[in-house]
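Have a look at the structure below, then the notes.
Sequence positions, counted from 1, serve as the residue numbers for this chain. Counting starts at 1 for both ligands and their atoms, in listed order. Just the heavy atoms: all of them, side chains too, but no hydrogens, waters or symmetry mates, feed the values below.
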Amino acid sequence: MLDICLLGTGGMMPLPNRWLTSFMARYNGSSLMIDCGEGTQIAVKEKGWSFKPIDIICFTHYHADHISGLPGILLTMGNAERTEPLTMIGPKGLERVVNALRVIAPELPFEIRYIEVDKPSQTIELNGYVIHAFRVNHNITCYGYTIEIKRAGRFSVEAAREREIPQMYWSRLQKGESIPYEGGVYTSDMVLGPPRKGIKVTYCTDTRPTVSIAEHARESDLFICEGMYAEKDKIAKAKQYKHMTFYEAAKLAKDANVKELWLTHYSPSLVRPEEYKKEVQKIFENTVLGKDGKTVELDFEEE
Ligand SMILES: [Zn+2]
Ligand SMILES: [Zn+2]
């Protein structure tokens, strides 16, 4: 099971009752965060999720509203006596930017590992998460992220019996291990059927719509996408500042054939995003106006 929380839904500045846009996932005891602007740790605290198991932090880009909350979070993780290494993923310049912020959080009881992405798209596998970073179109280098939980094929008892694989190895093979034995190697593909549908979530903020976003988000169970502006006449502003309107995000969701869209990264001037719900649902029906702390548990599909 994959737990998802949209910690905040604001763009540019945190507001009373609206924290900055940030994403957190929990899977198999390991947490992953994307973006942490000012106040994100308060949003985590409000949600009641723990800081200690945050093993991965991804950054879309280095505008303050997506990263300025980092020093505080690192200190809180340190105070939680975390000692395991923390992996950070982000566009080129990650280590330089984080080191600059670390001037005010110099001593931490855990190591930080950096993965800087510089290709148009890149895949990283960590703790059961398959993370695809893909470049988007903002006024500085910015990436979207797709998080996938893969699901292996069904175990075939008949195949295992046919090959006379000792039963003591079955569960290890089921987990994808290869097991050498005298005279050969048992591999999981001997006993597993074709991979089954996993879970896929795409998070994308601070960008104009692009073909690549629709491609990466394709068939996502959940697509979290920025909608900086709701008023239709703000399209010129969206183009100028490299953001999206609600309708552009909904069009992307439709093109990508996702199951559900959550809008986020609202402009501070947008006081009641829900007033535009009907209008945006004309383009993509399963649009949800993201709210701070909105959570969902995603499971593998029943067969
Ligand atoms: Zn932003
Ligand atoms: Zn930005």
Closest non-hydrogen atom pair between E116 and K92, with its separation
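Taking E116 first and K92 second, the nearest heavy atoms are OE1-CA, 3.6 Å.
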Next on the checklist: Tell me the closest heavy-atom pair linking F23 and V201, and the distance in Å.
Outcome noted: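 Closest heavy-atom pair between F23 and V201: CE1-CG1, 3.9 Å.
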Should the pair H265 and H66 be assigned to parallel (<30°), tilted (30 to 60°) or perpendicular (>60°) ring geometry?
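Taking H66 first and then H265, their aromatic rings lie parallel (interplane angle under 30°).
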Review point. Of all the N, O or S atoms in H63, which one sits nearest to the Zn ion (ligand 2)?
Key: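 Atom name returned: ND1.
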Any N, O or S atom of C142 closer than 2.8 Å to the Zn ion (ligand 2):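 Under 2.8 Å: C142 has no N, O or S contact with the Zn ion (ligand 2).
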### Query
Short check: any N/O/S atom of H138 below 2.8 Å from the Zn ion (ligand 2)?
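So H138 counts as coordinating the Zn ion (ligand 2), yes.
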| Metal-centred angle, NE2 of H265 through the Zn ion (ligand 1) to OD2 of D65, rounded to 10 degrees |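 Nearest ten degrees: 100°.
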- Message: Are there over 12 heavy-atom neighbours, none belonging to F155, within less than 6.0 Å of that residue's CZ?
- Response: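 More than 12 heavy atoms, drawn from other residues, nucleotides or ligands, come within 6.0 Å of this atom.
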So, 2.8 Å as the limit: is an N/O/S atom of H66 located closer than that to the Zn ion (ligand 1)?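 Under 2.8 Å: H66 contacts the Zn ion (ligand 1) through an N, O or S atom.
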* Would you please indicate yes or no on a ring centroid separation below 6.0 angstrom for H132 and H216? =>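 Not under 6.0 Å, so no.
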message = For the Zn ion (ligand 1), give me the closest N/O/S atom belonging to D206, just the atom name.
response =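 Result: OD2.
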